[in-house]
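Structure, as structure tokens:
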Amino acid sequence: MLVQLTKRTLVLLVSLGLASAMVFWFLSVLPGDPAQVALGTGATPEAVAEMQERFGTDRPLTVQYLDWIGGLFVGDFGVSYVTGATIGPLIIDRLMVSLWLVGAGMLVALVIAVPLGTLSAVHHRRPLGTVLAGVSQVGIAIPNFLAGILLIGLVAVSWRLLPAGGWVPPAQDPIEFLRRLLLPALALGIIEGAVLARYVRSTVLNVLREDFLRTARAKGLTPARALVRHGLRNAAVPVVTILGLQLAVLLVGAVVVERVFVIPGLGSLLLDGVANRDLLLVQGVVMVLVLAVLVLNYLVDVLYTALDPRLRAAA
Amino acid sequence: MSADALAAAHPQDPSVSVLEVRDLTVATGGHTLLEDVTFSLGPGERVGLIGESGSGKSLTALAVMGLLPEGLTAGGTVQLRGVETDLLRIGERERSGLRGRRLGMVFQEPMTALNPLMRVGHQVAEVLRIHGTVDDREDATRRAQQLLADVELPDPVRIARRYPHQLSGGQRQRVMLAMALANGPDVLICDEPTTALDVTVQAQMLQLIAAGVADRTSGLLFISHDLPVVATVCERLLVLYGGRIVEAGPTHQLLTRPRHPYTEGLLAASDLEAVDDQGRLPTIPGAVPPDGRFPSGCVFRNRCPRGDEACTVWPGWTGREDHGVACWYPSGAPHG
Ligand SMILES: Nc1ncnc2c1ncn2[C@@H]1O[C@H](COP(=O)(O)OP(=O)(O)O)[C@@H](O)[C@H]1O
Ligand code: SF4
Ligand SMILES: [Mg+2]
């Protein structure tokens, strides 16, 4: 167990190193010198050179990279070339908002996927199973910005049940926070739930064919109780893995959903940064997104090991 | 009289069978895999079901347990002593109440038959708790440890805390046996319980099964393709081929004076002394047809050295239910 944990942690650190270098390099080779962008097209070469010196972009790329990565360790993301704002606190602020959204979206997805997937597996080859599988197919085909717009149109505009967008921090007003979180979480989670339901379905179908489930029934459990007591935890192992992979998809989805619901999350920050050609800001946000995905996958790996005793023993 | 009261009234009366299977048929979408399987099992009686792989042995066991895979349907009747309704016709809930309590089963594959995520002690305790045969959690744990000790697992307290992957195949199969015997079933079905085990631990497992059913006067249906194994455990044999019982009789008689050509073939194939002039072990010519596609008429006729025109029609059963043969030209004197 300890050996494995050390191994996984090492893999995480190496991936983080590689990812940061790639993010940095990729954004550096994009056309558009930050100093030139900051000064506009009319600037003299002298002014640009002076600005480059102030930004530090005149130094070799390796030095710039080491400087940037060194800062990240202490939470210093640098200062925006465009607005002059300190990037670190801005990212943390927006990250909190996005985490609420992604977390709530994942919860919605699970609440949909587990019963839907399990039922359609249990009723496999029967009418109900086919209908449920069809429902999740339709769900997968809907992009989540469309789901967002539909939800706003129906629930917020036509029925006036919930606000159409905006954000209230939970500490300020918990009720209003939930009212504003609900629609974007649904927009993000419904589609993801449909995707996940398919994985749940195929995993449960596999588990239903397992010998130990037959043993559970031979012991006197009804099919439903055998599935709940012996099947679901076994099915959880592969589903948790998929969940980790899908988190990345959900983060990307959040970028779009934040736009539709006017939520000041990391996604909005990223899109603003791109629009303003705020290179350092974009670099910081992308790095945080990559970090989030890698760390979450790492945690999922650990959880996976905790769920399955066989993996604990394997070196 | 309630089922349990009736069972208690004749605990060891050998004239009342605990299990009666009549004309059991299993089919899948129009294709018959098992046909007219008829046999009964007395209390404490040990009956062997033998035949090559693909003969329908597992299907027989699963049909009796009510655990046939999806898509297969069973016909005929399966009667358990004290239960008025035919087991093939009672509801799932009632049937679940009988499994694990009055019907126990050990499966062939010990590596996959236990839940990999649950400690084995917990898995044994569960079968006691499901049927309410223990007072509380502690009682169940204690009883589970005792059951593990009964199947001669060393240090049962420690074993109980293990996960299946931490046990050997033989140890897992003992856990399966402990579970199947936990509630003192009237019928224990063992489907190739030693086939997946090392030869060195087979004998021990067989002895534990025999002792387990003797302690509880459970009827035993022991399934194997291995004639010497069945012969050491069972008093009476049923020979299955092509989804049909082709011969039945006391073990000794069947081994010394087989009447069906298939039984003779099995016997010759299991005689480890006999070799042909090239030094090879004798085998039954031909092979079991795949997917249960046996010939019409006598199911053995495409492999039988004695078959002729008459054999295109199923010969039917001659003799008693527990001692007879289904063949147009059986060896030895005809039955009186
Ligand atoms: N689920 C199933 N669907 C269709 N055919 C099956 C199924 N299970 C078993 N069979 C067929 O039934 C026959 C008997 O199988 P089985 O009872 O497992 O044999 P045995 O246990 O004697 O080796 C085989 O020919 C097998 O192909
Ligand atoms: S009935 Fe005919 S084919 Fe079948 S076993 Fe007897 S002799 Fe052989
Ligand atoms: Mg079998």
Side-chain angles (χ1 to χ4, degrees), chain A residues 1 4 118-130 201-241 302-315, chain B residues 58 61-62 64-71 91-120 122-133 161-166 172 175-176 179-180 182-183 185 188-189 191:
Chain A
M1 177 95 180
Q4 253 190 321
T118 308
L119 270 181
S120 74
V122 170
H123 289 266
H124 139 91
R125 286 205 217 140
R126 273 175 281 168
L128 181 61
T130 313
R201 178 185 131 91
S202 73
T203 328
V204 171
L205 271 179
N206 282 335
V207 165
L208 282 173
R209 292 191 199 103
E210 291 278 6
D211 279 354
F212 62 79
L213 218 67
R214 187 176 61 184
T215 306
R217 294 190 54 202
K219 288 161 88 172
L221 290 173
T222 57
R225 284 172 77 202
L227 180 62
V228 170
R229 284 209 207 169
H230 292 266
L232 290 188
R233 181 154 172 216
N234 277 280
V237 178
V239 168
V240 160
T241 317
V302 174
L303 179 62
Y304 186 82
T305 320
L307 272 175
D308 193 338
R310 284 167 300 186
L311 298 173
R312 277 175 238 161
Chain B
S58 295
L62 293 173
V64 170
M65 290 294 291
L67 293 175
L68 282 175
E70 211 182 331
E92 180 54 41
R93 180 168 290 274
E94 201 180 339
R95 208 163 186 192
S96 294
L98 298 172
R99 283 187 211 116
R101 187 169 60 94
R102 303 204 44 209
L103 296 167
M105 179 152 178
V106 175
F107 297 95
Q108 171 171 354
E109 196 39 75
M111 305 318 258
T112 53
L114 290 166
N115 184 343
L117 304 187
M118 204 188 260
R119 295 182 200 277
V120 296
H122 193 109
Q123 299 194 46
V124 178
E126 186 184 33
V127 73
L128 299 167
R129 291 175 61 83
I130 291 170
H131 298 286
T133 40
R161 298 194 45 76
R162 296 255 163 129
Y163 288 97
H165 75 272
Q166 296 169 313
R172 291 186 213 189
V175 173
M176 284 296 295
M179 267 168 24
N183 291 314
L188 175 70
I189 303 179
D191 188 359

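A note on names: the letters A, B, ... follow the listed sequences, proteins ahead of strands, and every chain is numbered from 1. Not measured: the values here are computed from a predicted model.
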So, taking the atom named [atom1] in [X] and the one named [atom2] in [Y], what distance separates them when rounded to the nearest 0.5 Å?
X	Y	atom1	atom2	result
B:Arg119	B:Arg162	CZ	CZ	10.5 Å
B:Leu67	B:Leu62	CG	CG	6.0 Å
B:His165	A:Asp308	NE2	CG	8.0 Å
A:Thr215	A:Leu221	OG1	CG	11.0 Å

If one checks every heavy atom of A:Leu307 against chain B at 4.5 Å, the contacting part turns out to be backbone
B:Asn183 side-chain N/O to B:Pro185 backbone N/O, donor-acceptor pair under 3.5 Å: no
Comparing A:His230, A:Glu210, A:Arg233 against chain B, the one with the most heavy-atom pairs below 4.5 Å turns out to be A:His230
Looking only at A:Arg214, A:Arg229, A:Arg225, the option with the highest number of non-hydrogen pairs under 4.5 Å against chain B is A:Arg214
With chain A, the option among B:Pro164, B:Ala113, B:Gly97 that has the most non-hydrogen atom pairs under 4.5 Å is B:Ala113
Counting heavy-atom pairs under 4.5 Å with chain A, the top scorer among B:Met111, B:Arg95, B:Glu70 is B:Glu70
Take a 6.0 Å sphere around NE2 of A:His123 and say whether it holds more than 12 heavy atoms from other residues, nucleotides or ligands. yes
Whatever's closer than 4.5 Å to a heavy atom in chain A on B:Leu114 counts as backbone
Bottom line for B:Leu98: the part with an atom under 4.5 Å from chain A's heavy atoms is neither
